Amino acid sequence: MKHNLRKEYTSQFYKGNHVPYWIAMGIAVCSIGLNFGITWLMQQMLDAVSKVPGSLSLAELGMLTGGLVFLIILFKQINYWTKPKFLQRAVVQYKNYAFVMLTRKNLAAFRKERISDYLSVFSNDLNTIETDYLKAQFEIAMNITALMGSALMMLWYSPVMTAIALGFCILPVLAAVFTGNKLEKAQKQVSIKNASFLVALKDALGGFSVMKSFGAEKEIAEVVGQSSCNAEQAKCSREKLDILLDMLSAVAGVAAQLGSFLVGCALTLSGYVITPGKLIAYLDLTGLFIMGIRALPVLLAKRKAALGLVDKLAAAIEENAKEQGSELMEPVQQEIRLSHVSFAYEPEKPVLKDISCSFKKGKSYAVVGASGSGKSTLLNLFMGCDQYDGNIYFDAQELRNISSRSICDATSVIQQNVFVFNASIRNNITMFKEFPKTQVDEAIRLSGLSALVSEKGEHYLCGENGCNLSGGEKQRISIARSLLRKAQILLADEATAALDAQTACQVSDAILKLTDMTRIVVTHALDGNLLRRYDGILAMKSGRIIESGSFDELMGQKGYFYSLYTVSQ
């Protein structure tokens, strides 16, 4: 399963990207081949100077030198166009695929996760994958070519010296075997600690005003500092493993080079015939061989660690990512019905207790009650949470058996905490989709955004999380989104809390005038004129529905709702 997931994600690097990849890979391998050509040419030059019989002429050496220089320029030019193109497309396709898969994740599952974990995945982890997997492929190919080519040429020049040199190179291979798994674990720890640091930093910046208000700068700085320290300690541990691998490779390389040179000297002193050119060429080939031996263990260990990060992302997205359940029959023909529903965020601490009620198709309902009574939690259940006890029916279909995609398509939500994208006012209203201008203009008018659009223009940039807008303006954008969608069900959670009285009244009026839409509105504003227009009112207290009925019915009972309304006036 793990291997299949990895293959699914790594295949994104190469889709429609094979031509630049293989050209860049061919150039990488051929560039090492040119090094062998240079080594051979140097041998020929030294032997020509030493007047070894059969050496090439100066003119021939000049022509070969010019040819090699031309090939070097040609290969570099081809690499200039192909390798960056491959890397760019590979990273874009991987990120896009991963994000698309993430958007398919179950909403309830995503709410349990940390956003900072994914921020780390798409930044720090991806940088590591690009460096230690994508770019490293070419380095690995070059070093393997250097190893194989230099070994063959060394055997051609001197089998005895080659056998001795190879004996010195066992150490780095063993080092790669024994440290590869440790490096993968260390790299995962770096990813985890980086994500934790991002969480702490995000909390500190998001709660900056709270920190300043309570004079908690020192304490918050200590929290962020400790998280930063943990992240850097993880990097330090990984760096130590990198250095250990490099050290073992370096020791083996020096031993191989000096050992080969000593053996060459011993053979020459004992009468073994070798030309000066061949001796220099052999030493140069030994250097290429050692380069491969030193680099490969580190590259392979890092490659394994980088693929571990791919596995980490794939596993995180795969968890609860697939949609389950059937499609919702559209539209809801009769009602949404709750039967003995209870819900708790923590065991033994229920927030909703034995809720039974129904919401008829196309009707409007107000949910009222004191803070903490469970009003917002009740609305959240309709968005696909499956951890409740009891049953929630959309007509005859139980909510747990409906796919979250269908639920999202059927519902439109106006939340108390509004998220605004760093995009234009229009794109924030349309959510980057195409709508007729008349529909967009109508949503702008009904949500009270006309003045803002008239002043700033619909292409005005809202800023990161709407930093260029006021709280009321962000709320109006959220309302306009929902009005534009015209879904079967409208859920509004304190939608008018940040608006002035006049605009709040206009928005509530717009919601009540909507037709063919079941509207469930959580509200703290107990305006008698508006409440009379709702088809039903549910009064909640301590997680239970204490009373339900029309405004006049509840006022006539002079119970809990009557008390709430009277106190609010």
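Sequential numbering from 1 along the given sequence is applied to the chain's residues. Below, all heavy atoms of this structure are taken into account, side chains as well, without hydrogens, waters or symmetry copies. This is a predicted model, so every value here is computed, not measured.
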Looking only at non-hydrogen atoms, find the nearest pair between A344 and P350 and report the distance. CB-CA, 3.6 Å

Test of understanding: with side-chain hydrogen bond (donor to acceptor under 3.5 Å, both in side chains), list the residues that count as partners of Y133, not counting sequence neighbours. Y14

Which residues pass the side-chain contact (heavy atoms from CB on, under 4.5 Å) test with V341, not counting sequence neighbours? L338, I355, L381, Y388, I392

Is there any salt bridge (charged side-chain N to carboxylate O under 4.0 Å, His left out) pair reaching into residues 221-231, and which pairs are they, with sequence neighbours excluded? none

Is there a side-chain contact (heavy atoms from CB on, under 4.5 Å) between Q488 and T518 once you walk through the steps? CA-CA 6 Å; Q488 295 182 48; T518 305; over 6 Å; no

Exam field: side chain N468 to backbone L461, donor-acceptor pair closer than 3.5 Å: yes

Listed by chain and number, what are the side-chain hydrogen bond (donor to acceptor under 3.5 Å, both in side chains) partners of S470, not counting sequence neighbours? E473

Testing the basics here: between G457 and I425, what is the closest heavy-atom pair and its distance to 0.1 Å? O-CD1, 3.6 Å

4.5 Å side-chain heavy-atom contact, L484 and F435: yes

Residues in side-chain hydrogen bond (donor to acceptor under 3.5 Å, both in side chains) with Y97, at least two apart? E8

With sequence neighbours excluded, tell me which residues meet side-chain contact (heavy atoms from CB on, under 4.5 Å) with V29. A141, T145

What is the distance from atom CG of L313 to atom CZ of R6, rounded to the nearest 0.5 Å? 12.5 Å

Can you measure from CD1 (I444) to CD1 (I429) and round to the nearest 0.5 angstrom? 4.0 Å

Filter on salt bridge (charged side-chain N to carboxylate O under 4.0 Å, His left out), then keep only pairs touching residues 223-234, sequence neighbours left out; what's left? E232-K235

Smallest heavy-atom separation, L34 atom then F75 atom, equals CD1-CD1, 3.4 Å

Pair listing, side chain to side chain donor-acceptor pair (under 3.5 Å) test, anchored in residues 76-96, at least two apart: none

First locate atom CD1 of I78, then atom OG of S31, and finally report the distance between them rounded to the nearest 0.5 Å. 11.5 Å

Would you give me the side-chain donor-acceptor pairs under 3.5 Å for residues 124-132, sequence neighbours excluded?
residue, atom, partner, partner atom, Å
D125, OD1, S191, OG, 2.9
D125, OD2, S191, OG, 2.7
D125, OD2, K312, NZ, 3.3
N127, ND2, S123, O, 3.2
T128, OG1, N124, O, 3.2
T131, OG1, N127, O, 3.1

Could you state the interatomic distance from CZ (F122) to CG (L102), rounded to the nearest 0.5 Å? 6.0 Å

Can you check whether R303 reaches I140 side chain to side chain, under 4.5 Å on heavy atoms? yes

Test side-chain contact (heavy atoms from CB on, under 4.5 Å) applied to L352 and S342, step by step: CA-CA 5 Å; L352 298 178; S342 297; 5.5 Å; no

Distance check, rounded to the nearest 0.5 Å: D493 atom CG versus N380 atom CG? 7.0 Å

Return yes if some donor-acceptor pair links the side-chain N/O of S237 with the main-chain N/O of Q233 below 3.5 Å, else return no. yes

Name all residues meeting the side-chain contact (heavy atoms from CB on, under 4.5 Å) criterion together with K193; count only those two or more places apart in sequence or in a different chain, and write none if there are none. Q189, N230, A231, A234

Would you say the side chain of V367 lies within less than 4.5 Å of the side chain of V521, judging by non-hydrogen atoms? no

Search all heavy atoms of G374 against all heavy atoms of V351 and return the closest pair with its distance. CA-CG1, 4.3 Å

Going through the checks in order, is the side-chain contact (heavy atoms from CB on, under 4.5 Å) test met by Y393 and L399? CA-CA 6 Å; Y393 295 100; L399 184 63; over 6 Å; no

Any pair counted as salt bridge (charged side-chain N to carboxylate O under 4.0 Å, His left out), so long as it reaches residues 421-441, sequence neighbours left out: R426-E458, K437-D441

Can you name the side-chain hydrogen bond (donor to acceptor under 3.5 Å, both in side chains) partners of S424, sequence neighbours left out? N427

If only atom types and distance count, is the side chain of R337 paired as donor or acceptor with the main-chain N or O of F359 below 3.5 Å? no

Mind checking whether L307 and T10 have side chains closer than 4.5 Å, heavy atoms only? yes

Please round to the nearest 0.5 Å and tell me the distance separating atom OG of S478 and atom CG of N428. 10.0 Å

Side-chain contact test, heavy atoms from C-beta onward, threshold under 4.5 Å: evaluate it for L469 versus Y460 and give yes or no. yes

Heavy atoms of other groups near M148 CE, more than 12 under 6.0 Å: no

side-chain contact (heavy atoms from CB on, under 4.5 Å) for E398 and N401? Distances and angles first, verdict last. CA-CA 6 Å; E398 218 289 330; N401 300 325; 3.6 Å; yes

Would you say the side chain of F394 lies within less than 4.5 Å of the side chain of I489, judging by non-hydrogen atoms? yes

